[in-house]
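Scroll down for the structure; my scribbles are underneath it.
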Amino acid sequence: MHVTAIIAAGGRGRRLGAAMPKQLLDLGGRPMLQWSVDAFLACERIGDVIVVGPPEWVDAPPACLRRPGIHLVAGGDRRQDSVANGFDAVPVASEIVLVHDAARPFVDAETIARAIDAAVESGAAVVALQARDTVKWSPADDPVPAGGTAAHRLVERTMARDSVFLAQTPQAFRREVLAEAVALGRAGVEGTDEAALAEQAGRRVRIVAGSARNMKVTTAEDLAMAEALVHGRNLRPAGDRGLPVIRVGSGYDLHRFVEGRPLILGGVTVPFDRGLAGHSDADALCHAVTDAILGAAAQGDIGQHFPDSDDRWRGASSIDLLRQAAAVVAGLGYRLVNVDATIIAERPKLGPFRTAMAAGLAAALGVELSAVSVKAKTNEGVDAAGRGEAIAVHAVALLEQLNP
Ligand code: MG
């Protein structure tokens, strides 16, 4: 059964007071949005992941979305408009469609599976948490004294909390049920979630047990609580499955200097009177990093993937080869955590180019700049690099397995 997940990430989230949309705020070292994207990508039952984001993302996606398996769609004015846009992009083969809010980073595979099963059975399902606190009813039109706040409102009555459920996401629907809900929304009916629209379309919505951990991050206090969860409980993007599976890889490369070639490192052309000899553009930094990420995934080395003997790679841009190697490891279910490289060169001075090199590598690898480090050292006049005959590069890369 084909299942598509729509992740609603179109909100501006200015309530958190940050300069960037809240779904990109850092949570435990990665953008908040990436937590739910990783959870759905890692879930075996999900066939496609559609992220609905601000329209400007379609041309310039954030790094965490520049990965295989993610389809990016421009959102609309309201949340329900964004979900409707996402629904239009759902593959025809999908029988079940889930809608998830990017502001709920800690969704796990078990909850996703329960929502899918309930939607198969009932047509529509909402993950929800039964109220634990006693619920007081105070109608919104209750008079509030001038200058007062909700703290001044009066309780009209106490509700039976056994009957109160607080809706979370994901919400899951058989395709035709969500189509009805989306059509109702397009006809002008307002719903704070898709389940509400399905209810108004006359559909029965089944409740699936949620969890307190599947919290929504709306305020700065929520964000602080989410950080505490990440650091206190070792939560992982793919769910709560124990320690992450991480793999380290090392890479090394050396190229001789020759006359009459440009010096290219990390895709950056460094002004110098000589360049590096080699079959491709001889970008030793890219080659070492490529070997490090292939090595971490036990996928051989650059020579196996892009052999010298193959004319396709003659004069190839090593940045392109790195990009292809990154796609190989991503396709195997790995996320690149970080790369650290050291260039050993007596001359020229590389310090001024380090940031540009790191940015070039980060773009090719589809990660944030903060995940890439490039350092440069001399070799104190010792050995080939020290005598200025060659440039050598050492690199390490760390991969995290998304679905161990
Ligand atoms: Mg090389």
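Predicted model, so just to flag it, every value in this text is computed and none were measured. Order of listing sets the numbers, starting from 1, for every ligand and every atom in it.
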**Report entry** Derivation of the side chain to side chain contact (heavy atoms under 4.5 Å, CB included) call for Leu65 and Leu33
**Finding:** CA-CA 9 Å; Leu65 298 181; Leu33 166 62; 3.9 Å; yes
Query raised in the report: Considering residues, nucleotides and ligands other than Lys375, do more than 12 of their heavy atoms fall under 6.0 Å from its NZ?
Result: yes
Query raised in the report: Where is the tightest heavy-atom contact between Ala282 and Ser318, given as atom of each residue plus distance?
Result: N-OG, 4.5 Å
Query raised in the report: Are His394 and Thr342 linked by a side-chain donor-acceptor pair shorter than 3.5 Å?
Result: no
Query raised in the report: Which atoms of the protein, restricted to N, O or S, are nearer than 2.8 Å to the Mg ion (ligand 1)?
Result: Asp253 OD2, His255 NE2, His287 ND1
**Report entry** Test item: Gln34 side-chain N/O and Cys64 main-chain N/O as donor-acceptor pair under 3.5 Å
**Finding:** no
Report task. Might you work through the salt bridge (Lys or Arg N to Asp or Glu O under 4.0 Å) test for Asp117 and Arg206, ending with a clear yes or no? Result -> CA-CA 11 Å; Asp117 291 340; Arg206 182 169 293 283; over 6 Å; no
